[in-house]
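Read through the structure below, which is laid out as structure tokens, and then see the notes.
Residue numbers begin at 1 in each chain, while the letters A, B, ... track the order of the sequences. What you are looking at is a predicted structure, and each value in this text was computed from that prediction instead of being measured.
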Protein chains: 2
Amino acid sequence: MARKNSNDIQPGQGDDAVARRTPMREFSRSLPMSLLRAREAVMRQFRPSLRNHGLTEQQWRILRALTAVDEIEVTELARMAFLLGPSLSRILRDLEGRALIERKAAENDARRAVVSISAKGLKLIEAVAPTSEVIYAEITRRFGARKLAELQEMLGALEASLAGMGSSDDAEVEADE
Amino acid sequence: MARKNSNDIQPGQGDDAVARRTPMREFSRSLPMSLLRAREAVMRQFRPSLRNHGLTEQQWRILRALTAVDEIEVTELARMAFLLGPSLSRILRDLEGRALIERKAAENDARRAVVSISAKGLKLIEAVAPTSEVIYAEITRRFGARKLAELQEMLGALEASLAGMGSSDDAEVEADE
DNA sequence: GGAATTCACTTAACATGTTAATCATCTCCC
DNA sequence: GGGAGATGATTAACATGTTAAGTGAATTCC
């Protein structure tokens with residue numbers, strides 16, 4: 001089975017004007033892959049501890065975010081914890097069932113729901129936090145505090161760079177409706 | 001149950017009227033969150049194009065990886081595409097059903113399956129690649145080629161730093177067995 | 001040479017990511 | 001004040017992440 005078509009992708013090897021497509025980037029070195037692997041390497045450290053406390057990474061993010069405020073609306077919480085609405089909805093249902101959070105309707109708008117962490121939720125946070133801190137400290141020690149700060153800054157800059165980049169979709173499949 | 005396991009994580013917090021202590025890092029600035037947000041900012045650019053071609057991000061990763069080899073075993077493919085076995089299993093079933101890949105048993109080991117991309121799969125790749133390259137180029141232009149390379153290097157270094165870090169679990173729930 | 005173990009992969013079960021649709025308000029405007 | 005649209009949240013449907021269990025085939029070891 002010949003992979004002959006692979007060179008259709010790269011026209012002129014020389015001109016760097018628009019397309020510098022070698023068989024494409026090494027792929028394993030693409031930016032999305034690098035970010036994915038780095039994040040996984042980090043999260044792998046935290047997951048076991050969270051799991052021992054009956055929490056997933058996302059549930060932890062939500063509880064963590066709730067400790068920073070007195071109470072907060074669902075949409076704003078989604079933004080803080082960087083979760084999509086549907087995910088948050090499901091998780092809040094679960095956390096409320098476990099009495100780790102409390103939910104009530106907003107005073108002047110029945111559409112909005114206001115969420116806050118419960119005493120039980122706070123206790124859970126306090127039980128998990130020490131271990132998380134130890135792990136975070138170890139990561140910092142290994143990678144280097146300065147480098148870590150530098151990395152975070154670059155990540156923020158990358159995010160900012162792409163802020164207003166409209167999705168330059170190519171095949172506008174849906175034309176009607 | 002005292003809520004001061006191991007002293008306060010961060011003493012001397014400027015307490016505002018709210019009785020919520022602000023333990024731990026700003027949270028929104030934690031390393032996992034930074035990595036997650038950065039990756040999402042990047043992937044947001046690619047998803048619409050992939051979607052228009054009927055591919056998810058993971059399906060694309062697999063096809064992309066397959067173009068780099070003639071054929072490959074499933075486990076090795078999982079490593080390449082950075083997917084867990086179960087996810088890969090499901091996706092391969094789907095891609096095989098769409099005739100984008102081909103699968104056969106290994107010659108000397110009936111346990112192993114060998115996968116390769118089909119002609120149809122290659123054609124799909126070729127249809128998607130140009131747009132992906134344009135997007136990647138724009139990301140590079142915005143963020144800066146040098147900074148991009150620097151970032152990737154740091155991400156690799158981070159990964160390497162955490163390579164042999166055993167999960168320092170705290171509550172060893174399972175003690176016997 | 002066969003039971004026990006390991007290995008490669010797949011299924012299962014549950015939680016989340018992702019997009020679209022639904023539902024109940026709320027706002028605006030005539 | 002009532003209907004059209006906007007808004008906040010949830011539900012639906014499908015794909016993947018994640019861990020555990022299952023299945024069949026190769027290896028080990030006695």
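Here the nucleotide nearest the side chain of A:E40, chosen from D:dA15, C:dT18, D:dT18, is D:dT18. In the set D:dA13, C:dT19, C:dA15, D:dA13 carries the atom at the smallest distance from any side-chain atom of A:R90. Side-chain atoms of B:I91 lie closest to D:dT16 of the nucleotides C:dA15, C:dC9, D:dT16. Set against C:dC9, D:dA20, C:dT11, the side chain of B:V74 has C:dC9 as its closest nucleotide.
Taking the charged nitrogens against the carboxylate oxygens, B:E126 and B:K123 have no contact shorter than 4.0 Å, which rules out a salt bridge. We find that A:E102 and A:K120 are not joined by a salt bridge, their nearest charged nitrogen and carboxylate oxygen being 4.0 Å or further apart. By the 4.0 Å N-to-carboxylate-O rule, B:K147 lies too far from B:E150 to be salt-bridged with it. A salt bridge links B:E40 to B:R47: at least one charged side-chain nitrogen sits closer than 4.0 Å to a carboxylate oxygen. The pair B:R98-B:D94 meets the salt-bridge criterion, with a side-chain N (NZ, NE, NH1 or NH2) lying under 4.0 Å from an Asp/Glu carboxylate O.
Within the structure, a side-chain polar atom (N or O) of B:S87 is placed less than 4.0 Å from OP1 or OP2 of D:dG17. Distances shown here put a side-chain N or O of A:R93 below 4.0 Å from the OP1 or OP2 atom of D:dT11. For the OP1/OP2 pair of C:dT10 and a distance below 4.0 Å, the side-chain nitrogens and oxygens of B:R103 include at least one atom meeting the criterion. At C:dA8, none of the side-chain N or O atoms of B:T75 fall inside 4.0 Å of OP1 or OP2 (strictly under the cut-off). Residue B:Q58 places no side-chain N or O under 4.0 Å from the OP1 or OP2 atom of C:dG17.
Between the side chains of A:R37 and A:S34, no donor N or O sits under 3.5 Å from an acceptor N or O.
Atom CG in A:L83 sits roughly 14 Å away from atom C1' in D:dG17 (whole-Å rounding). Atom C1' of nucleotide D:dT7 and atom CD of A:E76 are separated by 16 Å, given to the nearest angstrom. The nearest whole Å value for the distance from the CZ atom in B:F46 to the P atom in C:dT18 is 15 Å. Here C:dT16 presents its P atom at 10 Å from CG of A:L92, a figure rounded to the nearest Å. For B:M43 and C:dT19, the CE to P distance is 10 Å, given to the nearest whole Å. Between the CG atom of B:L55 and the C1' atom of D:dT16 there is a distance of 15 Å, rounded to whole Å. Here the P atom of nucleotide C:dA8 and the CG atom of B:L77 are 15 Å apart, to the nearest Å. When the P atom of D:dA15 is taken as reference, atom CG of A:L84 falls 17 Å away, rounded to whole Å.
At a threshold of 4.0 angstrom between heavy atoms, the contacts of B:S89 include nucleobase atoms, whether or not backbone atoms are also involved. No engagement by A:L88 is indicated, since no non-hydrogen atom pair under 4.0 Å with the nucleic acid exists.
Of the residues in residues 105-113 of chain B, those placing a heavy atom less than 4.0 Å from an atom of DNA chain C are B:R111, B:R112, B:A113, in numerical order.
Where A:R47 and A:G85 each meet DNA chain D at their nearest nucleotide, the meeting point lying more 5' is that of A:G85.
The number of heavy atoms from other shown groups lying within 6.0 Å of CD (A:E76) is above 12.
Here the closest heavy-atom approach between residue A:I135 and residue A:S49 is recorded as CD1-CB, 4.4 Å.
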